[in-house]
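Written out below as structure tokens is the structure these notes cover.
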Amino acid sequence: MITDIRKQLQTRTVRGVILIMFLGIAGIFTLPSVLRKGLVSKPWVAQIDGNSIWYDEFRNELVEKRDQLAAIRAQYGEYADVLFASMGINPNPQILAADSLIRGALVLQAGKAAGLELHSDFIAEQIKNKNREVLSLIPSYALDAQGNVDQNILREYLSRRGMTIAEFEQRLEQLLMRTMVSELIVASVHVPRFEVEQKAITSFAPKRFSALHFSLDSFVAEEKKKALNEQEVQDYYDRQNQQYKRYWVPEKRDATVWKFEPSDYGISVSDKQIAHYYDDYKTRDFVKEPAKIQVRRIFFRVTDPSKLQATFEKAKEVHKQVVADPASFGKIAKEISQDETSAKNGGLVPFFARGELNPSFEKAAFLLKEEGEISSIIQTEEGFDIIQRGDRKKAIYKPLKDVETDIKKSLTQKEFARLFAQDVKQLTNQAKAESASLDAFIAEKGGKKQVVHGAVKDDTVRTKTIFSLKKDALGSYLDDGAGYIVLAGSIEKSHVAPFEEVKGAVKTDLYTERAIQTIKEQMTQAQELAKTTPLASLKGQFNARLETVPFVDPSDEDAVKALKEKGLPSYRMLTLERVGGVIAGQTPEGGVIVRLDEIKQIDKEKLEEKMKEARANLEAERYQLTVEGFIASSYRNATIKMNETLLGIA
């Protein structure tokens, strides 16, 4: 899995998303040691050469970094941390937020030091052109078709975020300045054509390989032909025990366990209790059909972001009409709604329950209390909606008679757990009289005895309970509806296994270790020779199996998958750049050496096409390295001061 992730990171898109997401400008850097101590809840969190980074900036950046980390974890799951480690990223959102802000400040200072200035006309032009950076600060609906800013909408938007117009203008200027410096760095990046061509051939041309497989089983068989003397085996046994406790017997425990069923307690549940439970949990546990509503909708589709504001204005006009005359909603929906399916029926949407439609649409619909009530304008990913409440169907619940058996069982289990815990507590409090009391309890409740011998620690609730007790101590647990009382017995502590008892296993392990070492030595020799000699010529020289791998297209996912299934290092193979290139690696079966024997020529038209992608990848890599060096140099030369009060960065 992580190999797949690393391969994906070779593409410009994935790497760009992740790096820009975390690094703001670009590059992977380690924070100065002072940042690792913490940030503070004062007005400023850092000062770079006397210029402050304020706490509200840090707070906003922190929210963004947490969202970005969550998105990566959602995509890569358990492999996310491995991905972060492979990219040198510390997945601490506080560190990422602080690092991003400090690097941004360093770039801004570099622009000012170089004498760069932003004219007001340039800033206005960027706003009118709806520059991507501008849109990160200004919501698109605050701009009209000509790119002019609606000051009222902008003020309202900024107010919700606790920002004044003056603060906004300053941040916009800083953002555009950082972008300008970044673009100057991009302009300095040059990748020559020959390098692009080589990258395209390396990345996209079909390749043919040969592989030498070194089988561990065959090497072990060869080692077993050599006699081992007693002292060699004894020394290996002693060494492994000293370093790894390899031949130790794990701790083992005995115990006596008694099982008690709820039926042994004679618990009775009344019809009244069942009815009360049904009433209390009916809406949560016994829904047969959820509540549903029917609505009418007038939908305004938005496919071009530049038309968002104009569409919103149109929606406002229609909204005024239908609020003034709710009876006209169906007629207007039929005439102008852009949801063709519902428009045919006067905007009528079939009955739906919660969780079935777009969350924003659905939430607005269920907030409408009365039939005929009209919502405000709702924005979704597809455009804008106006909704009118129609009919409503109440939730239908499973009849009591259909669920009373389950309820009775649930109530019985709950009461049994309570009574059993109460009894166990009483037994464990009776100290010296414990044995007689336990015997009487077992007889009264009909406990079924089970004897456990030599239990080894594992993750089962029974074993965990046994290993939590001292000898002759009582414990208990519930499992699968039954109650268990445990009396801990003898304990056999972990100890080294006598040599004579494990000598056979020690010999096998020693043979295996020597076989692995021999494989490593032979693979080292073979790898060196393979740089100038085809593997077919080396087969007889080594105890290995030759495999010829036909041409593989790196873009053919099925072919690449087939290589993996054979145990070949597909990703590393396909990154070999020159004929005669060799890689070696360990496999579950032993080891393998792979040699690139031939690269198929790509036709000119396809090569030109692939060179565009290769150039983009190379330029992104070169840009990253350039900015990386620039920021690293800025870090070394800047005076960075942090507030002394810590804010939770370990």
Side-chain angles (χ1 to χ4, degrees), residues 1 73 77-82 85 91 240-267 269 281 284-285 406-498 501-502 505 509 650:
M1 175 68 179
R73 292 190 185 282
E78 62 183 298
Y79 296 98
D81 287 327
V82 181
Q240 291 294 311
N241 280 332
Q242 182 178 3
Q243 294 178 357
Y244 312 112
K245 290 190 173 182
R246 185 168 183 175
Y247 302 109
W248 279 59
V249 178
E251 181 176 323
K252 296 179 181 180
R253 295 194 174 202
D254 295 340
T256 305
V257 181
W258 290 271
K259 180 179 181 181
F260 301 87
E261 301 282 2
S263 56
D264 298 330
Y265 271 68
I267 298 169
V269 177
Y281 297 99
R284 188 191 73 181
D285 297 337
D406 292 336
I407 293 175
K408 184 175 183 178
K409 182 178 179 181
S410 179
L411 289 172
T412 300
Q413 285 292 148
K414 186 176 181 180
E415 180 63 9
F416 168 69
R418 186 187 70 81
L419 293 174
F420 183 71
Q422 182 177 293
D423 287 340
V424 169
K425 183 177 181 180
Q426 185 176 351
L427 283 171
T428 54
N429 287 338
Q430 289 174 348
K432 299 295 183 182
E434 185 177 283
S435 179
S437 300
L438 179 60
D439 291 341
F441 176 75
I442 293 168
E444 178 188 351
K445 300 298 184 183
K448 299 174 182 63
K449 184 177 181 180
Q450 302 171 14
V451 178
V452 178
H453 289 297
V456 178
K457 199 169 188 177
D458 58 30
D459 289 332
T460 62
V461 63
R462 166 180 287 189
T463 305
K464 284 182 178 180
T465 304
I466 292 173
F467 273 78
S468 70
L469 300 172
K470 295 180 180 179
K471 188 177 184 300
D472 297 327
L474 275 183
S476 66
Y477 63 94
L478 293 168
D479 189 28
D480 197 23
Y484 297 84
I485 289 180
V486 178
L487 177 61
S490 61
I491 299 174
E492 180 185 333
K493 292 291 185 181
S494 177
H495 61 279
V496 62
E501 290 183 9
V502 295
D509 292 341

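Positions are given from 1 along the sequence. The basis for the numbers below is simple: all heavy atoms, side chains too, and nothing from hydrogens, waters or symmetry mates. Predicted, not measured: the structure shown is a model, and the values here were computed from it.
The two residues Tyr247 and Val502 have their closest heavy-atom pair at CB-CG2, 4.4 Å. Across every non-hydrogen atom of Val424 and Ser476, the tightest pair is CG1-OG, 3.4 Å. Nearest approach of Ala497 to Val249, heavy atoms of both residues: CB-CG2, 3.8 Å. Shortest non-hydrogen contact noted between Phe420 and Gly483 is CZ-C, 3.6 Å. A pairwise comparison of heavy atoms in Ala255 and Ala488 identifies CB-CA, 4.4 Å as the closest pair. Nearest heavy-atom pair across Phe260 and Gly447 is CE2-CA, 3.4 Å.
Contact annotation: the side chain of Asp479 approaches that of Tyr484 to within less than 4.5 Å [non-hydrogen atoms, C-beta and beyond]. Glu261 is listed as a side-chain neighbour of Asp264, based on a closest heavy-atom distance under 4.5 Å. Side-chain contact between Phe441 and Ile485 is present, with at least one heavy-atom pair separated by less than 4.5 Å. Side chains of Tyr265 and Thr412 form no contact here, defined as non-hydrogen atoms less than 4.5 Å apart. The shortest distance between side-chain heavy atoms of Val486 and Leu474 does not fall below 4.5 Å.
Atoms NZ and CH2, from Lys448 and Trp258 in turn, are 14.5 Å apart once rounded to the nearest 0.5 Å. Here the straight-line distance linking atom OG1 of Thr256 with atom CD1 of Ile442 works out to 9.0 Å at 0.5 Å rounding. Here the straight-line distance linking atom CD of Glu415 with atom CZ of Arg418 works out to 4.0 Å at 0.5 Å rounding. Atom OG of Ser490 sits about 3.5 Å away from atom CG of Asp254, to the nearest 0.5 Å. Here the CG-OG distance, from Asp423 to Ser437, works out to 11.5 Å after rounding to the nearest 0.5 Å. With values rounded to the nearest 0.5 angstrom, Gln413 atom CD is found 8.0 Å from Ile267 atom CD1.
Under the salt bridge (Lys or Arg N to Asp or Glu O under 4.0 Å) criterion, the residue pairs touching residues 241-253 are Arg246-Asp509, Glu251-Arg253, with sequence neighbours excluded.
With hydrogens and angles disregarded, no donor-acceptor distance shorter than 3.5 Å links the side chain of Ser410 to the backbone of Ile407.
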For this session: Could you give me the CA-CA distance, side-chain angles and deciding distance for Val451 and Lys449, then say whether side chain to side chain contact (heavy atoms under 4.5 Å, CB included) is met?
Result: CA-CA 7 Å; Val451 178; Lys449 184 177 181 180; 4.1 Å; yes

Problem set entry | Test log, rule side chain to side chain contact (heavy atoms under 4.5 Å, CB included), inputs Lys464 and Val461 | CA-CA 5 Å; Lys464 284 182 178 180; Val461 63; 5.6 Å; no

For this session: Decide side-chain hydrogen bond (donor to acceptor under 3.5 Å, both in side chains) for Thr460 and Thr463; before the verdict, give the C-alpha distance in whole Å, the side-chain angles of both, and the deciding distance to 0.1 Å.
Result: CA-CA 5 Å; Thr460 62; Thr463 305; 2.9 Å; yes

For this session: Let me see the working for Tyr477 and Val257 under side chain to side chain contact (heavy atoms under 4.5 Å, CB included), right down to the final yes or no.
Result: CA-CA 10 Å; Tyr477 63 94; Val257 181; 4.2 Å; yes

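Heavy-atom contacts from other residues, nucleotides or ligands closer than 6.0 Å to CD of Gln243 number more than 12.
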